[in-house]
Amino acid sequence: MVRLLKKTQQKQKVSLLSILAIATLSLHILTLALLILQGLSIRQLYLRKPPTFVQLINGKKVDNIKDLERDPDVIQQFVSKVSILMFNWSGKLPPQTIKDVSQPTPDLGISIATEQGSSEKVSTSSWMASFALSEDFRPAFLREIASITPREIFSNIPREAISAQLIIKRIDRPEEIAPGKWRVRMVANLIQKKTNTNRQVIIPYNKDFLIRAVDYFSHPLASNASNLQQAIYNIRSDRLEIYEIRDLCLLDENNKQDAHDLQHCRTLQLEG
C-alpha cells in the first residue's frame with residue numbers, strides 16, 4: 001500500500017513538472033511572437049513616408065492630401081533660395097559658424113570636368129545648390145555654370161577679385177502644367193562686380209524653371225552629418241527638384257528688343 005502511494009505521488013510530481021514546463025515554453029513562444037510582431041510594426045513605421053501637410057492661410061493644417069501637392073509659396077521660395085545660392089559668388093565659403101561671418105574662409109571652388117576633358121571650377125555654393133536639380137539635369141547644368149564662372153572669383157589678389165550677386169526682380173506664381181509639376185518664371189539680373197574698382201557688369205538672367213515634386217529625402221544622422229551634408233539636406237527638404245531651365249523671353253512693350261531677338265523668342269516659345 002505504501003509503495004502504491006509513493007508511485008502515485010511521483011506520478012503527480014512528474015505531471016506537475018510537465019505542465020509547468022509546457023506552460024513556460026508556451027509563454028516563451030508567445031513572448032517571441034509578440035516581439036516579432038512589434039519588430040515588424042516598427043519596420044513598417046520606419047519605411048512609411050511622412051505625411052504631407054499643407055498650411056492654409058488661416059493657419060490651420062490639412063493632412064491626408066495627395067503626395068504631389070505643394071504650397072505655391074513654398075515653390076516660389078524654393079526657386080528663390082536655389083537661384084540665389086547658385087549665383088551669389090563672393091569668393092568665400094558659406095558661413096557655418098559665427099566665427100566664419102567675421103573671418104570667412106576662402107572658397108577654393110569645386111572642379112567640374114568639361115566635355116572637352118578639361119577642368120573648370122564652380123563655387124562651393126553653386127555646387128551645393130545643384131543638388132536641387134534632377135540627377136539627369138545636374139551634370140550638364142554644372143558644366144554650364146562652370147563655363148560662365150570667372151576664374152577671378154577664386155582669386156586672393158584684391159586687384160583681380162570679382163564677386164557676383166543675383167538680383168531677383170520678379171518670381172511669378174507657379175503654373176501647374178501636370179500633376180506634381182509646375183512652371184515658374186523668374187526675371188533677374190546677375191551683377192558681377194570688380195572688387196577694387198566696383199565696376200559692374202549686368203547680365204540678364206530671365207528663366208523658366210520646370211519643377212516637380214519628389215519623394216521624401218531622409219535626414220542624415222545628426223552625429224555623422226557634416227555641415228556640407230546638412231546644407232545639402234536643407235536644399236532637398238522642400239521635396240522639390242528642378243528638372244529643366246529654359247530661357248524666358250520677355251515680349252512686353254516695355255522690353256526693347258530688335259526684330260531678330262523677338263523672332264528668336266517666338267521661335268523658342270513655339271518649340272517649347
Side-chain angles (χ1 to χ4, degrees), residues 57 70-92 94-95 107 122-134 137-138 140-142 144-150 152-153 161-177 181-195 197-212 231 234-235 237-238 240-272:
I57 297 176
R70 298 290 185 273
D71 187 270
D73 290 336
V74 171
I75 299 174
Q76 282 184 303
Q77 292 170 8
F78 172 76
V79 173
S80 175
K81 174 177 65 176
V82 172
S83 299
I84 290 174
L85 189 61
M86 182 73 73
F87 292 103
N88 277 15
W89 306 327
S90 63
K92 308 296 180 183
D107 186 4
V122 298
S123 69
T124 301
S125 62
S126 295
W127 184 78
M128 290 164 51
S130 69
F131 285 92
L133 311 178
S134 62
F137 178 52
R138 180 172 176 264
F141 193 74
L142 272 176
E144 182 178 343
I145 296 299
S147 67
I148 65 173
T149 302
E152 291 82 1
I153 292 291
I162 291 178
S163 63
Q165 184 179 13
L166 187 72
I167 304 298
I168 298 176
K169 295 182 177 180
R170 186 182 81 238
I171 297 180
D172 293 347
R173 297 289 287 179
E175 173 191 349
E176 188 171 13
I177 56 179
K181 293 184 177 182
W182 300 268
R183 172 186 293 156
V184 178
R185 295 178 172 87
M186 184 182 76
V187 178
N189 285 329
L190 179 61
I191 301 178
Q192 296 183 5
K193 183 168 61 175
K194 195 83 171 179
T195 303
T197 63
N198 285 332
R199 183 180 178 182
Q200 295 183 352
V201 176
I202 300 177
I203 304 172
Y205 189 78
N206 307 320
K207 299 294 180 180
D208 255 343
F209 292 84
L210 300 185
I211 301 166
R212 62 190 173 203
N234 291 335
I235 290 293
S237 61
D238 292 322
L240 294 165
E241 72 177 11
I242 300 168
Y243 65 94
E244 189 174 348
I245 299 177
R246 303 173 179 174
D247 288 331
L248 173 63
C249 294
L250 302 176
L251 300 178
D252 55 28
E253 294 179 356
N254 296 325
N255 187 48
K256 296 182 180 180
Q257 293 176 306
D258 59 31
H260 175 75
D261 289 337
L262 291 175
Q263 183 60 39
H264 178 64
C265 284
R266 292 191 181 98
T267 301
L268 286 177
Q269 286 188 338
L270 289 174
E271 291 177 352

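Below, all heavy atoms of this structure are taken into account, side chains as well, without hydrogens, waters or symmetry copies. Start at 1 with the first residue, then count along the sequence.
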Closer than 3.5 angstrom, by distance alone: can the side chain of [X] be matched with the main-chain N or O of [Y] as a donor-acceptor pair?
| X | Y | answer |
| --- | --- | --- |
| N189 | I191 | no |
| N88 | L166 | yes |
| S80 | Q77 | no |

With sequence neighbours excluded, tell me which residues meet side-chain contact (heavy atoms from CB on, under 4.5 Å) with S134.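 Testing S134 for side-chain contact (heavy atoms from CB on, under 4.5 Å), a comparison that skips the adjacent residues, returns D136, F137, R212, E241, Y243.
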
K193: side-chain contact (heavy atoms from CB on, under 4.5 Å) partners, not counting sequence neighbours: S163, N198, Q200

Return the OG to CE distance between S125 and M86, rounded to the nearest 0.5 Å. 8.5 Å

If you measure from CD1 on I242 to NZ on K207, what distance do you get to the nearest 0.5 Å?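 Answer rounded to 0.5 Å: 12.0 Å.
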
Heavy-atom side-chain proximity of [X] to [Y] below 4.5 angstrom:
| X | Y | result |
| --- | --- | --- |
| L210 | I245 | no |
| K169 | M186 | no |
| W89 | V122 | no |
| R183 | R246 | yes |
| R70 | W182 | yes |
| I167 | Q165 | yes |
| V184 | I211 | yes |

side-chain hydrogen bond (donor to acceptor under 3.5 Å, both in side chains) partners of K194, counting only residues at least two apart: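 Here no residue qualifies.
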
Kindly determine whether T124 and D107 satisfy side chain to side chain donor-acceptor pair (under 3.5 Å), including the steps that lead there. CA-CA 7 Å; T124 301; D107 186 4; 2.7 Å; yes

Going by the side-chain contact (heavy atoms from CB on, under 4.5 Å) test, name the single residue among L248, V79, D172, I171 that passes it with F209.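 So the option named by the test is V79.
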
Going through the checks in order, is the side chain to side chain contact (heavy atoms under 4.5 Å, CB included) test met by I235 and L85? CA-CA 10 Å; I235 290 293; L85 189 61; 3.6 Å; yes

R138 to F131, cation-pi by 6.0 Å centre distance and 45° axis angle: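 Checked: cation-pi criterion met.
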
